[in-house]
Number of protein chains: 2
Amino acid sequence: MYKGKYPKIPEATIKRLSIYLRCLKKLEEEGNIVVSSQNLADTCCVNSTQIRKDLSYFGEFGTRGVGYNIKTLQEDIKKILGLDTTWNMILVGFGNLGKALLHYKGFHESGYKWVGVFDNDKDLIGQKVFDNLYVEDFKKLDNKKIKEINPDFAVITTPPDVAQDVVNKLILLGIKYFLNFAPTKIKVPDNILLKNVFIIAEFDNLVYNISKIENK
Amino acid sequence: MYKGKYPKIPEATIKRLSIYLRCLKKLEEEGNIVVSSQNLADTCCVNSTQIRKDLSYFGEFGTRGVGYNIKTLQEDIKKILGLDTTWNMILVGFGNLGKALLHYKGFHESGYKWVGVFDNDKDLIGQKVFDNLYVEDFKKLDNKKIKEINPDFAVITTPPDVAQDVVNKLILLGIKYFLNFAPTKIKVPDNILLKNVFIIAEFDNLVYNISKIENK
DNA sequence: GAATGTGAACGCATTCACAGCT
DNA sequence: AGCTGTGAATGCGTTCACATTC
């Protein structure tokens, strides 16, 4: 049963729920019906107490002495994360990273849907992305188009130097939520939620750890 | 002055150092010479005490009453992260995400260097990546080639179903460090360091936050 | 006066230990 | 007996408050 009001949920718990969800899918595909927190922990590389605690913030999903039903636990986690509904996304910046995201198959099965792709490069405008989806001119994106495609959030994969301008325009068009992959910090007003994904930091972090180990 | 032995450094501190480094670069390009922790905090969207504490784990880099010299602080952070040397990388999987990483300009200026690109798709093998760098057949990758190009770590951007096999082979060839972008958890022995980057978790996390705000 | 550097206090996240079901 | 669920304890990371230096 879902609790009405929760204590503060750790950020890290939400990140792990994503991972549990994908691991559960894998376990289901392998033909399993029920999983213990210990089993799941082994496939996710975390510890089993952590899993039980993470879930306990949101309710009780298992059966003592038995474990968790893989099918219903997936549904429960989707409900917690907000993935029990469809999310319309637009992408700005049809470069390699943009294409990589557009073609990632995992989105569709998790309820994500691309409803628009924009760029300002004449050579790219008009290119086919999928059946029914073509690259459009970002300059021509207006309120009418937004109303038509009804995006929930925007994904930014432009070069860093134009990212702030792109976001500014989208805010004026009423977009309130952003995921930014451009390697630059973007400033937004308080009523807007923008999350930066800083891929090079992952490389730096690996290198820091290698340096420590190797004394390079 | 760098301290010989440090207390345990928070993971998060290392991540932030990456960000400070890129923000300092931006400030330098804008013509600044010196920056206070408060200035830097404003550009990085963190708080100034955090910056001073993060740096204090590694030594003293500023001048009281004045601030930090932008040029030398960048050098100091590079030294801390291990970015004061060159890092040779190989990439396996010449898809869109692989291409995006290969063409990201930020790597070169941070000391990262691509020394090999591999795929098993006949149509891709032989394609030119840069002058002097062509896509090669992953099946033909052997000890001799590894010795020649001398990679420090491998970046995995293959489809998820082959990622584990790719890593297994590379471990046999002597690679000890990995950054995995394939959306699957990869198991490695204790003496190997592999970091998973789970891009869809960033989407899930945004959606969770939107759901909370909008009660969707 | 202005800014850094840091022990101490606080708050958040993980782990422990065990009670509670099946 | 086996596994979940959770208050309590621990450990970790951030923020505070202030001593220190220029």
Side-chain angles (χ1 to χ4, degrees), chain A residues 1-3 5-20 24 27 32-74 76-77 80 201 205 208, chain B residues 1-3 5-20 24 27 32-74 76-77 80 201 205 208:
Chain A
M1 199 74 349
Y2 292 168
K3 291 166 186 169
K5 282 275 140 66
Y6 320 128
K8 226 170 287 167
I9 313 293
E11 269 285 301
T13 290
I14 302 303
K15 288 239 168 97
R16 281 190 299 267
L17 288 176
S18 292
I19 294 170
Y20 302 160
L24 285 164
L27 288 165
N32 299 285
I33 302 295
V34 170
V35 69
S36 68
S37 59
Q38 188 56 62
N39 292 159
L40 184 57
D42 292 342
T43 38
C44 297
C45 309
V46 296
N47 94 34
S48 64
T49 309
Q50 183 79 77
I51 293 183
R52 295 199 303 277
K53 176 62 92 179
D54 284 339
L55 292 172
S56 79
Y57 291 122
F58 300 98
E60 305 190 4
F61 304 102
T63 309
R64 292 170 198 224
V66 180
Y68 301 90
N69 179 291
I70 292 179
K71 194 171 140 56
T72 59
L73 184 56
Q74 285 181 80
D76 289 327
I77 293 177
I80 292 166
N205 198 45
Y208 170 76
Chain B
M1 199 76 347
Y2 292 170
K3 293 167 184 169
K5 283 272 141 64
Y6 320 129
K8 226 169 286 168
I9 313 294
E11 268 285 301
T13 290
I14 302 303
K15 288 239 169 96
R16 282 190 298 267
L17 288 176
S18 291
I19 295 170
Y20 302 161
L24 284 165
L27 287 166
N32 300 285
I33 302 294
V34 169
V35 69
S36 68
S37 59
Q38 189 56 62
N39 291 160
L40 184 57
D42 292 341
T43 37
C44 297
C45 308
V46 296
N47 93 34
S48 65
T49 309
Q50 183 79 76
I51 293 183
R52 294 199 303 278
K53 176 62 93 179
D54 284 339
L55 292 172
S56 79
Y57 291 122
F58 300 97
E60 304 190 5
F61 305 101
T63 309
R64 291 169 198 224
V66 180
Y68 300 90
N69 178 292
I70 292 179
K71 193 171 142 54
T72 59
L73 185 56
Q74 285 181 81
D76 289 327
I77 293 178
I80 293 167
N205 198 43
Y208 170 77

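Residue numbers start from 1 in every chain, and the chains themselves are labelled A, B, ... in the order their sequence lines are given, proteins ahead of strands. Please read all numbers here as calculations on a predicted model, not as lab measurements.
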Side-chain donor/acceptor contact of B:Arg52 with base of C:dT4 under 3.5 Å: no
Shortest side-chain distance from A:Lys53, nucleotide among D:dG5, C:dT15, D:dT14: C:dT15
Touch class at under 4.0 angstrom, heavy-atom based, for A:Ser48 against every strand present: nothing
Atom-to-atom span, CD1 of B:Ile70 to P of C:dT4 - whole angstrom: 12 Å
Sugar-phosphate, base or nothing in reach of A:Glu11, heavy atoms under 4.0 Å: sugar-phosphate
Side chain proximity check, B:Tyr68 to B:Leu55, heavy atoms < 4.5 angstrom: yes
Nearest-nucleotide 5' precedence on DNA chain C, A:Thr49 against B:Gly65: B:Gly65
Test item: A:Phe58 and A:Ile9 side chains (from C-beta on) under 4.5 Å apart, heavy atoms: yes
Closest-nucleotide ordering on DNA chain C, the 5'-leading residue of B:Thr63 and A:Val66: B:Thr63
Phosphate-side-chain proximity, A:Gln50 and C:dA13, N/O vs OP1/OP2 below 4.0 Å: no
Rounded distance [0.5 Å steps], CG in B:Leu40 versus CD in B:Gln50: 12.0 Å
A:Arg64 CZ - C:dT22 C1' separation (whole Å): 10 Å
Atom-pair distance (CG on B:Asp76; P on C:dG5), nearest Å: 11 Å
Distance test, side-chain N/O of B:Arg16 to OP1/OP2 of D:dG13, below 4.0 Å: no
Under-4.0 Å side-chain N/O to phosphate OP1/OP2 contact, B:Asn47 with D:dT14: no
Length of the CD1-P vector between A:Ile51 and C:dC16, whole Å: 15 Å
Distance, rounded to the nearest Å, where A:Ile9 contributes CD1 and C:dC12 contributes P: 13 Å
Between C1' of C:dA3 and CG of B:Leu40, the distance in whole Å: 14 Å
D:dG5 phosphate, OP1 or OP2, under 4.0 Å from A:Tyr68 side-chain N/O: yes
A:Thr13 side, atom OG1; A:Ile51 side, atom CD1 - distance, nearest 0.5 Å: 11.5 Å
Axis deviation across the helix from C:dG1-D:dC22 to C:dT22-D:dA1, five-pair ends, to the nearest 10°: 0°
Interatomic spacing from CZ in A:Arg16 to NZ in A:Lys53 - rounded to 0.5 Å: 11.5 Å
Nearest heavy-atom neighbours spanning A:Tyr208 and B:Ile80: CD1-O, 3.4 Å
Separation of atom CG in A:Leu55 from atom C1' in D:dG5, rounded to whole Å: 10 Å
Heavy-atom side-chain proximity of B:Ile70 to B:Ile33 below 4.5 angstrom: no
Side chains of B:Thr72 and B:Phe61 in contact at under 4.5 Å (non-hydrogen atoms): no
Rounded interatomic separation in angstrom, taking OH from A:Tyr57 and C1' from C:dT15: 11 Å
Candidates C:dA8, C:dG5, C:dC12 - which lies nearest the side chain of A:Lys8: C:dC12
